[in-house]
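To start, the structure itself, in structure tokens.
Counting starts at 1 for both ligands and their atoms, in listed order.
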Amino acid sequence: MPSASMALPASLPEPLPRSIFRKFVLMLCSLLVSLYVFYCLAEQCQNLPGPIIQSPEEEEGGYQESDMTIWQSVKRKKLLQKMKRQRSTKGKEAPWNRLFVSHGVDISFHAHTGEENKASHRTSMLDSTLTPLGEGSKNLPQAIIVGVKKGGTRALLEFLRIHPDIRAVGAEPHFFDRNYDKGLDWYRDLMPRTLDGQITMEKTPSYFVTKEAPARISAMSKEAKLIVVVRDPVTRVISDYTQTLSKRPDIPSFESLIFKNRTTGLIDISWSAIQIGIYAKHMENWLLDFPIDQMLFVSGERLIRDPAGELGRVQDFLGLKRIITDKHFYFNKTKGFPCLKKAEGSSKPHCLGKTKGRTHPNIDPKVVQRLREFYRPFNMKFYQMTGQDFGWDY
Ligand SMILES: Nc1ncnc2c1ncn2[C@@H]1O[C@H](COP(=O)(O)OS(=O)(=O)O)[C@@H](OP(=O)(O)O)[C@H]1O
């Protein structure tokens, strides 16, 4: 019988001595471990979001997990799951939690939102800034949904997010009203990463009524495209009141808030909810800094009746291919609103959360009529300015 060593072909090199081989494997392992640790640390730092102040007065509950949260890629989703796993193993004291606390920032969206929802908002904030290392760059927004409060701004943003060429920050940054002193770098850092040709967007409805907002946006970019979702000012003010009522059930009645003098029917224009609906007045301010063709006015009513039609106009305005069409929507009878058939990367239908589409209280028709009269001249002026009849006056 030939021995084992004799069976080896003569051309094979001498095997490495065991001790050298072991050292080599050990070094390789430690190199791989350090690379992995380095990667994890870098990834976490990259994805920590900057603080955002979200007033419960504004879009309370706007951006929930139950809302239409669109993932731009499966890769992002995987990363998020990984971050969630890391967070759950580290408990409540995860680094991003500590960061929010240490900044003293409350990013909850609703005064009445439960703790569970608050946690999901926090996750949503992370979602909106989550981007794998090296994928694209953060840019200042080229298009902003500037208003109006309760107009349908969340629906528009969430629908737009289906478009592969749009990347939007989920929460409202409130940069041009409340956070301007934080500077443009702070603002840019909130934005999601974009690839060449993709448009960065955000929405903050209170910009529309902020005196300084037009000049500040223009100072950032004279070419910025502005989108205003407008809604019948009468329904808008009732919606605004309904939102406040849901948080503070003890507020005075709608009637007592809108009238300065109930007997004479004098409307109290010092109430901010009334002021917001005087669109023509706010427009004068915007037109000092932006030409009208840089502004698009979306009908909040048509956004509900025919979302694809309004989305078509918005995509044209943004210079994008009409990718969002009828086939993306279905009407959810229970919700009473159009919803998305599926978010990207998901096969499930998605509706906005329960704070969107609340049942409004019944208001005395005479009071509604008085409000219609009040707004009519301002609406006429607004139709003239925009060249669009929104059909609120009949
Ligand atoms: N698809 C869909 N689903 C649900 N809700 C929809 C939708 N499209 C428009 N709307 C209307 O959006 C209203 C809320 O407007 P905003 O998102 O601008 O509110 S906020 O200012 O950000 O708080 C909200 O107002 P209310 O009905 O008064 O709750 C809705 O009427």
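Partners of Leu184 according to the side-chain contact (heavy atoms from CB on, under 4.5 Å) rule, which considers only residues two or more places apart in sequence or in another chain, are Leu140, Phe175, Tyr187, Met220.
For ligand 1, the atoms closer than 4.0 angstrom to any heavy atom of Ser239 are 25 (O), 26 (P), 28 (O). Listed by atom number, the atoms of ligand 1 under 4.0 Å from Thr153 heavy atoms are 16 (P), 17 (O), 18 (O), 22 (O). Counting the atoms of ligand 1 from 1 in the order shown, those under 4.0 Å from a heavy atom of Glu172 are 22 (O). Under a 4.0 Å criterion applied to the non-hydrogen atoms of Arg358, ligand 1 contributes the atoms 26 (P), 27 (O), 29 (O). Annotation for ligand 1: atoms under 4.0 Å from non-hydrogen atoms of Gln243 are 23 (O).
With hydrogens and angles ignored, the 3.5 Å screen pairs no side-chain donor or acceptor of Glu202 with any backbone N or O of Ile145.
Taking the centre of each ring, Phe331 and Phe337 stay at or above the 6.0 Å mark.
Note: an N/O pair closer than 3.5 Å links Pro338 and ligand 1 by distance alone. Of the polar atoms of Lys335, none of the N or O atoms is found under 3.5 Å from an N or O of ligand 1, judged by distance alone.
In Leu352, the part holding a heavy atom less than 4.0 Å from any atom of ligand 1 is the side chain. Contacts with ligand 1 closer than 4.0 Å are made by side-chain heavy atoms of Lys203 only, the backbone lying farther away.
Contact of the Ser218 side chain with the Phe290 side chain is registered, since non-hydrogen atoms from C-beta on lie closer than 4.5 Å.
Residue Ile304 places a heavy atom under 4.0 Å from ligand 1.
Using the six-membered ring where Trp is involved, Tyr383 and Phe390 have ring planes that are tilted, between 30° and 60° apart.
Distance check: Leu287 CG to Met295 CE gives 6.5 Å after rounding to the nearest 0.5 Å.
Looking at His360, His350, Lys150 and measuring to atom 23 (O) of ligand 1, the nearest heavy atom belongs to Lys150. Which of Phe159, Phe329, Phe337 comes nearest to atom 7 (C) of ligand 1 through a heavy atom is settled by distance: it is Phe337.
Applying the side-chain hydrogen bond (donor to acceptor under 3.5 Å, both in side chains) definition to pairs two or more places apart or across chains, those involving residues 279-297 are Glu284-Lys381.
Checked for salt-bridge contact, Arg231 and Glu301 miss the test: no charged N lies under 4.0 Å from a carboxylate O.
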